[in-house]
Amino acid sequence: MGKYTKVRGMHDILPEEISKWQFIEKILTEIACLYGYKEIRPPLVESRTLFERSIGSESDIVSKEIYAFKDRKGRDIALRPEGTASVVRAFIESNMGTEKRIFRLYYYGPMFRYDRPQKDRYRQFYQFGVELLGGKHPFFDGEVVVMLHTIAKKLKIENYYFLVNTLGCLQCKTKFSNIIKSYFSEKLTHLCNDCQQRIISSPLRILDCKNPQCKQYVSDAPVIVDLLCYDCQNHFKRFEEYINAHSVPYKVDSHLVRGLDYYTKTVFELYVDQDENAIAAGGRYDTLVKQLGGHDIPAVGFAIGMERLIPLVKYEGPEKNFFYLACIGEEVKLKGAMIINEMRSKGLAVETDYEQTSLRSHLKTANKTGARWCIIIGEEEIKKKEFIVRDMISGEQITIPLDNHINKIQELLQ
RNA sequence: GUGGGUGUAGCUCAGUGGCAGAGCGCUGGACUGUGGCUCCAGGUGCCGGGGGUUCAAAUCCCCUCACCCACCCCA
């Protein structure tokens, strides 16, 4: 047992898992590309106040889970707990917002939250997210949902569905929030401790409470869809038209509320049957850009939790299409090394073990590395100016002349 | 932040006061130019860490750390 272990909540993604990650990452970025998204890579570190102002200082993410510290000059620094705030900050800071057009940005990387670790949940975890800035049309909301739908299909996720809801524009949201506040004020003593706090800090979150006692009162609570202004009602209706037209499997859940303060109008979550946790979620945030000091620019986006997505994806494993070169005896190793170098320069993956000398131990090693073919070269082969290629699955062997061997191997691969 | 569980060989685990164990893997050999199969041989170790009880502790008690699971929260 080694002296050093992972810091609590951290995890290594080991070589045996990484090819699955890379497979999924490739599909995500390809689809993002098809939808016109460009990658943006903000730093992992931001000033703490950025998250307080965007996500909300009362939110659990900021109040309980943020990784924050002071740097050597006493600046309040935080590791990003999510991606949207950083992307919006970069968007404003680089003056993208001054240009009147739609910006589609995607990001991928680690996020940090000081959670208690549990299954597929770590303090450093990965999110892939997209942000569409500058569009207020409900079809943009639809487009990002359809993009997520496309990703789920492409990754062959089974039995997934969306929950969607609207929170209304800032006016509707505020109005509804006050209605909820007064509705629950009368029932305050029947609510759980958390909800008694929420009625002050974020009343809408009561609608999302998992406590069965609270749920009882939530089911009779006012519903936002009935109280929306004409514009918000129409926005949600058009959004539904769009996702219906694209056959997105979804249900409206009038109690769906997101835990981040910045959402307005459309919100959505992606679930898989019999799984409590959302694997992706997002929504519209029309006031955030302005709130962070930019122009009045509407936006919509989502984020996918990679650690939650990965167990749902079936992946066969990487293709074993590389060579192992076995040199029999010390004397031919330099010759073998030159062959390896030439093969690599022509794009063929080769490895070897210079410690091994006997053919038997070479073949054992080749087997362990998972090589598809083993090239065998020894004194006899050097004399005859040829070498042997052994198929490690079938055990068949063929002899190839030493000159022009790269072309011969490439022919073999066809 | 709350609750439950588990820490013993590289891995999966058995051992519940009396010599530290099994299976798998690993290394070597049978087989020094042909891997996977088979057979034979071999070492596995601060029994998570610290303290206590006892003639005697992996085992009982206390503390601590880590991991797992659930809740909360979130993606």
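First the proteins, then the strands, lettered A, B, ... as listed; each starts at 1.
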Asker: Would you kindly compare A:Gln397 and A:Arg116 by the position of their nearest RNA chain B nucleotide and give the one closer to the 5′ end?
Answerer: A:Arg116
Asker: Looking at every strand, decide which applies to A:Phe302 at a 4.0 Å heavy-atom threshold: base, sugar-phosphate, or nothing.
Answerer: nothing
Asker: Any idea which of B:rG36, B:rC73, B:rC69 is nearest the A:Asn367 side chain?
Answerer: B:rG36
Asker: How is A:Glu381 classified with respect to the nucleic acid when contacts are heavy atoms under 4.0 Å: base, sugar-phosphate, or nothing?
Answerer: base
Asker: With a cut-off of less than 4.0 Å, is there a side-chain N or O of A:Arg198 near OP1 or OP2 of B:rC73?
Answerer: yes
Asker: Could you identify the nucleotide paired to B:rU59, looking across every strand shown and requiring Watson-Crick or G-U wobble geometry with both distances under 3.5 Å?
Answerer: none
Asker: Once the angle between the rings of A:Phe128 and A:Tyr108 is folded into 0 to 90°, is it parallel (under 30°), tilted (30 to 60°) or perpendicular (over 60°)?
Answerer: tilted
Asker: Roughly, in whole Å, what's the span from CG in A:Leu363 to C1' in B:rU32?
Answerer: 14 Å
Asker: Between A:Tyr122 (OH) and B:rC69 (P), how many Å, whole number?
Answerer: 7 Å
Asker: Categorize A:Ile388 for me: base, sugar-phosphate, or nothing, with a 4.0 angstrom heavy-atom threshold over every strand shown.
Answerer: base
Asker: May I ask you to say what A:Ile393 touches in the nucleic acid, namely base, sugar-phosphate or nothing, with a heavy-atom cut-off under 4.0 Å?
Answerer: base
Asker: What I want to find out is whether A:Lys408 reaches A:Glu411 closely enough, with some N-O distance under 4.0 Å, to be called a salt bridge.
Answerer: no
Asker: How long is the line joining CG of A:Leu359 and C1' of B:rG36, in whole Å?
Answerer: 14 Å
Asker: For the side chain of A:Arg8, starting at C-beta, report the closest nucleotide among B:rG36, B:rU34, B:rC67.
Answerer: B:rC67
Asker: Taking OP1 and OP2 of B:rU27, is either one under 4.0 Å from a side-chain nitrogen or oxygen of A:Lys368?
Answerer: yes
Asker: Which whole-number value in Å describes the distance from A:His11 NE2 to B:rA66 C1'?
Answerer: 17 Å
Asker: How close or far is atom C1' of B:rA70 from atom CD of A:Gln118, stated in whole angstroms?
Answerer: 7 Å
Asker: Identify whether any heavy atom of A:Glu379 sits under 4.0 Å from a base atom; if not, whether one sits that close to sugar-phosphate; answer base, sugar-phosphate or nothing.
Answerer: base
Asker: Please classify B:rU16 as syn or anti, treating any glycosidic angle within 90° of 0 as syn.
Answerer: syn
Asker: Quick check on RNA chain B: between A:Glu276 and A:Pro117, whose nearest nucleotide comes earlier from the 5' end?
Answerer: A:Pro117
